[in-house]
Amino acid sequence: MYTCQGPAPALSGPVRQVQTDSKRHPWRRYTDAVTEHTQQPTATSAPLAEGRTPTPAELPTQYVPAEAEGKLYERWVENGWFEADAASDKPPYTIVIPPPNVTGSLHLGHAFQHTLMDALTRRKRMQGHEALWLPGMDHAGIATQNRVEQQLAGEGKSRHDLGREAFVERVWKWKDEYGGRILGQMRRLGDGVDWSRERFTMDEGLSRAVQTIFKRLYDDGLIYRAERIINWCPRCLTAISDIEVDHEERDGELVSIRYGEGERSIVVATTRAETMLGDTAVAVHPDDERYRHLVGTEVELPLTGRRIPVIADAHVDPAFGTGAVKVTPAHDPNDFEIGRRHDLPMLTVMDDHAVITAHGPFQGLDRLEARSAVVGALREQGRIVAEKRPYVHAVGHCSRCHTIIEPRLSMQWWVKVGPLARAAGDAVRDGRVTIHPKELAGRYFQWVDNMHDWCISRQLWWGHRIPVWYGPDGEVRCVGPDEQPPSGPGWTQDTDVLDTWFSSGLWPFSTLGWPDDTPDLAKFYPTDVLLTGHDIIFFWVARMMMFGLYAMDGEVPFRTIALTGLVRDERGKKMSKSFGNVVDPLDWMEKYGSDAVRFTLARGANPGVDVPIGEDWVQASRNFANKIWNATRFALLNGATVEGPLPAPERLGATDRWILSRLNSVIAEADAYYDDYQFAKLCDTLYHFAWDEVFDWYVELSKTTFAAGGPEAEASRRVLGEVLDALLRLLHPVIPFVTEELWTTLTGRPSLVIADWPGDSGFRDRAAEAELAAVQQLVTEVRRFRHDQGLQPGQRVPARLDLGATPLPPHEEAIRALLRLQPPAGAFSATATLDAGGATVSLDLSGVIDVAAERKRLTKDLAAAEKELAQTAAKLANESFLAKAPEPVVAKIRTRRAQAEADIARITAQLDRLPAA
RNA sequence: GGGCGCAUAGCUCAGUGGCAGAGCGCUUGCCUUACAAGCAAGAUGUCACAGGUUCGAACCCUGUUGCGCCCACCA
C-alpha cells in the first residue's frame, strides 16, 4: 500500500476534469478540450493528505512541466546540492562550462551541450563523486564592445566622446544590466551548476591570472612585440588573429597592368589594384628565362612617378598569370616576406579605415573606390594590358562584422606558439588527453602542428589591458600582478587589450583560483571532460591545452575532449536568421518542458555529428515524459513500493524475474553508453526498455498478478517499485525534472540529485527471458489474428488454451487477460486454432471467422517461411560456408532453419484446421 | 590548392562482414479504467552508381557521381 512518507513533494499539476459522458461530448471534442486545457493550466491539485492512497481522480493524468520545473530547480539550489566541496574525500569529477559570451542568450546549441554536461555531472554525483560543474561567462571583447558602441550610437555618441575610462565603465554597467541573461536561462534548462563558484573572465581573480601568465610567458620569451602584417578590420578598427578571419570564395577581377615601358616593361596581375600605390618592387622567379634580363633593373611604377626594382624570389610561381608579381610589403603577407628578404621599403598607403593616404589623386578614397579609380586611370594611360577577367578567389572577412579584412603592417603583441603547440599536440598523441570522437583528432593535429604565432593584441578598450609600460627612454617593462607599475614622467601603459580567447584559454585553472595554490585547484584540476562544439577546437580547446600544460607544469587541463556537432533544424539545415529557422529553446521549454527539449537533444547526440531537431520530436519526448508519469501513477495506485529488501528470486514469478534480469542488463548498457558519451544510444536504450518492456508488457502483465493477490502480488509490488525506482534514477541525468517529481513521491526520499546511481546486481535469468519471449510471441500472434478478423479489442472471446509442454501455464491468466479471452461456458466449438511456441489457442468465434482473410494471411506467412528455409538450407549445404564460417554463425543458421521448419509445420497445421469457406 | 567526412524507409538518423533497424510520419481498428500526449495490428528499402575481395558485402578495397565540412599568405 502506498503511503506518502517524509518531506517529498506531492505530485502537482492540474487535475483533468475527466469527462465520461461520451454522448454529450464526442470523442474528438474531448481530446481537443484536453489539449487546450494543458496548454493553459489553471487548476492544480492540492497536496495529498499524508498516508492516504490517491485515487485516479486526484492524480492528474497529464504531466504539466512548466509548473513543476521552476520549483524543483529552486529547491535543488537552495539545498546546495550542486555545490562541490573541495575538502571532500570523494573522488572529484569536474567540468568547466564553455563560458558563454556575456552578450549571449541561450540557443539550442547551448541547450544541447549543457544537457550533456549536466547529464555527465549529475550521474557522477549520483555515483559518489564530488561533482563540480563550474559556470561562468566570457567578457567577449569585440562582441561586447560592439554592442555597447551600438547603444552609444543610438545616443549619437561614439566611444571616443566618452573616453576610455568612462566607456569601460559604461560596458560594466551594461554587463550588470543586460549581460548574463543566459544565466537565468540555464536555470530554466535545469543546469546543475555550482553557482557559488560562478566566474567571469574579467573578474578580479581571472584578471590576475591573465596578468600572471602574460608576465611568465613574457619572461620566458614566449610573448613578444613585433611589426608584421596582421589581419586588420577597418570597421572594428583592430587587429584580429588568423582564425578570426573567415575566408569566402568571391568573384573578383584580375587585372593585368604593364609596369615600365617597351622592352623593359613587365606585366603584373592583381585583384587589389589600389595596393599598387604601395608597390616597392616587382618579383619574378629566379629561373624564369622570360624575365632574366630585367632582374636587377628598375621599372617605372605607373601613376606614382616612382621607379621600383625587379627582383628575383623563389616564392613566385612562374606558371601563374604572367609570372611576375607586384610586391606591396606593407599590405600583403607574402609581399611582406619578400620585402624582408630583399630589404625593400615598406610603404603604407592606407589608414585604419582603409582609406588611401598616399599623396596624389587617390588620397582620401576608400579602398574599393580607389580600386576602380586606379584601374580607370591606368586604362587611360593604356596600362591595362588585358581586360580584367573574372577570377574566383578567397577573400578574408572579419568573423565579427563581416567586413573585408585588410592585411596591414602593424606593431602587435604575439604569442610564440611553437613550443606550446608542440606540448599540446604531444599530450593528445601520447594519450594523456583523449579526443572523442577520435575522428576529430585529425583536425586538432592539423591545427596544433601548423600553428602560426598568435596575434594577441587588440585595439579595443574592453578587455584585459596589456600589462606592459613604456618608459621615456624607450624602456619596456612587463609588470606582474604583485608589482607596482613604473611611475614617473614619461611612463605609459600599452593601450591595447588582449584577445578575448587569451583569458578563456586559462579557464580550466583560472576559475579554480590559479595562480594561488587553492584547495579547489588541488581538488578539481585537471578537469575530467571538456565538452564543446567542434567549431571551437582551434579558438579555445587548443589554447586551453597550450596554457594549461604551460601554467600547470605539464598537467593537462582535461583528460577527455568530447566534441559535439552543431544543432540543425529538422531538415538538417543550419539554423540561421536568414533562413528564418532559428528556434528559441525557451519557447519549446515553456510549451513542452525542459525535459522534453533535453531528451530530444540528447537523443540526437551521436558523437561529433550535427544534431537535427524539430518541434515534432520535442513533442514526442514530452509524450515520453508523460508516459513515465502515467506509469508511475499506475504504480502508485497499485501499491508499488521501494520499502524493504527485494524478494529473493525463488520467491518471484517468471515475469518479475524477467524484468529484473532485463533491468540489470539495461543498467550495464546505460553505464557503458554514459562512459562512452553515446547519448543517442543511451536515450534509445532507456526509451525502449521503459516504454516497450516495462510499460507495455510488464505493467500489463502485473495487472493480472495484482488481481490474483497473495504473496506473489506482494512481491511483485516490490519489484515494480524497484524497476521504476531504478529507471527514474537512470533517466534523471537527462530528464531531471519529471524523474525528480515522480521519484520523490514514489520513494518518499528527498531528491534524486543526491540519490545513488543504480548498479548492475549481476542478476540475469535467461530462462525467464525466454519464457516471457514465448508469452509475447503467443499474445502477439493471437492479437494479430484478432485484428485481422476484425474483432473489437474489447470483445471477449471464449477460448481454450492448450499450453502443452511449454513454460507458459503459469501465465495462462495473464494471456487470457491480455487477449480478452474468457473460459468457454457451456458448449464450445473451436472455429480457429492458433499455434505459437508449442502452445495452441482455440477460439470460439461462433461462425464469424473470416476464413478467406486468414487463409490469405497464413499463405503469405507460409511463403515467407519457405523462403527462409530455402535460404538457410542452401547455406548449410554449402561446403565452403561450413568450412570457413565461424561456429556461432553456423549454429545461428541451423537455428533459423529449424525455426523455419517449425513455422512451416505450424502454419500448415493451421491451414488444415481452417474450416471450409 | 590541401585535408576530412557523408550518401540506408516519405523526413532525420543508427547499424560497419552472417535475418536491413529506430524515432517521427503513414494505413487499419480501438474510450481497453495508469496514460487518446494512449493501446493494438500493419505497410514502407535497387542500403547513391560501377567494378573487385569473400563461402557470404549496406559494411572491406578501387573507381564514378552527388552533397557537406575544415584548413590555406598563388598575386
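Below, chain A is the first sequence line, B the second, and so on; all start at residue 1.
Rounded to whole Å, the separation between the C1' atoms of B:U16 and B:G29 comes to 40 Å. As rounded to the nearest Å, B:C11 and B:U44 have C1' atoms that lie 13 Å from one another. Taking atom P in both B:G68 and B:C74, one finds a spacing of 23 Å when rounded to whole Å. As rounded to the nearest Å, B:C6 and B:A75 have P atoms that lie 31 Å from one another. The C1' atoms of B:C4 and B:A9 are separated by 29 Å, rounded to the nearest whole Å. Across the P atoms, B:G63 and B:A72 are found 28 Å apart, a figure rounded to whole Å. For the C1' atoms, the distance linking B:C47 with B:A7 amounts to 10 Å, nearest Å. When the P atom is used for both B:G5 and B:G15, the distance is 15 Å, rounded to whole Å.
Considering A:Ile537, A:Asp535, A:Ile536 in turn, A:Ile537 is the only one that fulfils the side-chain contact (heavy atoms from CB on, under 4.5 Å) rule with A:Leu563. Just one residue in the list A:Val782, A:Leu778, A:Leu701 forms a side-chain contact (heavy atoms from CB on, under 4.5 Å) with A:Ile815, and that residue is A:Leu778.
When heavy atoms are screened at a 4.0 angstrom cut-off, A:Arg571 is found touching the sugar-phosphate backbone but no base atom. Nucleic acid contact for A:Ala620: sugar-phosphate only, since backbone atoms but no base atoms lie under 4.0 Å from a heavy atom of the residue. Base contact: A:Glu700 has a heavy atom under 4.0 Å from a base atom. When heavy atoms are screened at a 4.0 angstrom cut-off, A:Asn878 is found touching the sugar-phosphate backbone but no base atom. Within the 4.0 angstrom heavy-atom criterion, base atoms lie near A:Val699. If you check every strand for non-hydrogen atoms under 4.0 Å, A:Phe624 touches nothing. A:Arg603 comes within 4.0 angstrom of sugar-phosphate atoms only, judged by non-hydrogen atoms across all strands, and of no base. Using a 4.0 Å heavy-atom criterion, one finds that A:Asp610 contacts no nucleic acid atom at all. A:Asp696 comes within contact range of the sugar-phosphate backbone alone, with a heavy-atom separation under 4.0 Å but no base atom that close. In this structure, A:His688 reaches the sugar-phosphate backbone alone: every heavy-atom distance under 4.0 Å involves primed, P, OP1 or OP2 atoms, never a base. Residue contacts for A:Pro886: at a heavy-atom cut-off of 4.0 Å it reaches a base atom on one of the strands shown.
Both A:Ala394 and A:Gly323 lie close to RNA chain B; mapped to their nearest nucleotides by heavy-atom distance, the more 5′-ward contact belongs to A:Ala394. Toward the 5′ end of RNA chain B lies the nearest nucleotide of A:Thr632, the other residue of the pair A:Lys326 and A:Thr632 mapping further downstream.
Contact check on A:Arg272 versus A:Glu406 returns a salt bridge, with a Lys/Arg side-chain nitrogen under 4.0 Å from an Asp/Glu carboxylate oxygen. Between A:Glu854 and A:Arg857 there is no salt bridge, since none of the side-chain N atoms of the basic residue sits less than 4.0 Å from a carboxylate O of the acidic one.
Judged by the 6.0 Å distance and 45° axis criteria, A:Arg603 is not positioned over the aromatic ring of A:Trp617.
Of all non-hydrogen atoms in A:Lys326 and A:Thr270, the two that sit nearest each other are CD-CB, 3.7 Å.
For the 3.5 Å distance criterion, the side chains of A:Ser716 and A:Thr705 fail to qualify, holding no donor opposite an acceptor.
Between the OH atom of A:Tyr592 and the C1' atom of B:C24 there is a distance of 13 Å, given to the nearest Å. Following rounding to the nearest Å, A:His247 (NE2) and B:C69 (C1') show an atom-to-atom distance of 16 Å. Atom CG in A:Asp692 sits about 13 Å away from atom C1' in B:A40, given to the nearest Å. Rounded to whole angstrom, the span from the CD atom of A:Glu868 across to the C1' atom of B:G18 amounts to 12 Å. Residue A:Lys856 contributes atom NZ, which lies 14 Å from atom C1' of B:U28 at whole-angstrom precision. What separates CG of A:Asp684 from C1' of B:U12 is a distance of 13 Å, to the nearest Å. A:Leu791 places its CG atom 21 Å from the P atom of B:C39, with the value rounded to the nearest Å. Note: CZ (A:Phe634) to P (B:U32) measures 17 Å, nearest angstrom.
For A:Gln62 against B:A37, a side-chain N or O and a base N or O form a donor-acceptor pair under 3.5 Å. Taking only distance into account, the side chain of A:Arg568 never meets the base of B:U12 through a donor-acceptor pair shorter than 3.5 Å.
Out of B:G29, B:A34, B:G18, the shortest distance to the side chain of A:Lys627 is found at B:A34. With B:A37, B:C24, B:A75 as the choices, the nucleotide that has an atom nearest any side-chain atom of A:Trp617 turns out to be B:C24. Each of B:G18, B:C74, B:C30 was ranked by its minimum atom distance to the side chain of A:Phe320; first place goes to B:C74.
Between A:Lys681 and B:G15 there is a side-chain polar atom (N or O) within less than 4.0 angstrom of OP1 or OP2. For the OP1/OP2 pair of B:A14 and a distance below 4.0 Å, the side-chain nitrogens and oxygens of A:Tyr687 include no atom meeting the criterion. Contact annotation: A:Asn623 does not reach the phosphate of B:C35 (side-chain N/O to OP1 or OP2, under 4.0 Å). Distances shorter than 4.0 Å separate none of the side-chain N or O atoms of A:Lys703 from OP1 or OP2 on B:U33. Contact annotation: A:Lys573 does not reach the phosphate of B:G68 (side-chain N/O to OP1 or OP2, under 4.0 Å).
A:Asn630 places no side-chain N or O within 3.5 Å of a backbone atom of A:Gln62 that could act as its donor or acceptor partner. Side-chain atoms of A:Asp684 never come within 3.5 Å of backbone atoms of A:Ala680 as a donor-acceptor pair (strictly under, hydrogens ignored). Not a single donor-acceptor pair under 3.5 Å links the side chain of A:His331 to the backbone N or O of A:Pro329.
Applying the Watson-Crick and G-U wobble criteria (two distances, each under 3.5 Å), B:G68 pairs with B:C4.
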Exercise. Reading nucleotides 41-48 of chain B 5' to 3', which nucleotides get B (base under 4.0 Å from a protein heavy atom), which S (sugar-phosphate only), which -?
Worked result: BSS-----
Exercise. Given the rule in the side-chain contact (heavy atoms from CB on, under 4.5 Å) test, do A:Leu378 and A:Met276 qualify, once you have shown the distances and angles that lead to the verdict?
Worked result: CA-CA 11 Å; A:Leu378 289 168; A:Met276 66 154 297; 3.9 Å; yes
Exercise. For A:Tyr63 and A:Glu741, what are the C-alpha separation, side-chain angles and deciding distance, and is it a side-chain hydrogen bond (donor to acceptor under 3.5 Å, both in side chains)?
Worked result: CA-CA 10 Å; A:Tyr63 171 53; A:Glu741 183 85 340; over 6 Å; no
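A:Trp691 and A:Tyr687 have their aromatic ring centers within a separation under 6.0 angstrom.
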Atom pairs, protein N/O to nucleotides 2-9 of chain B N/O, distance under 3.5 Å:
none

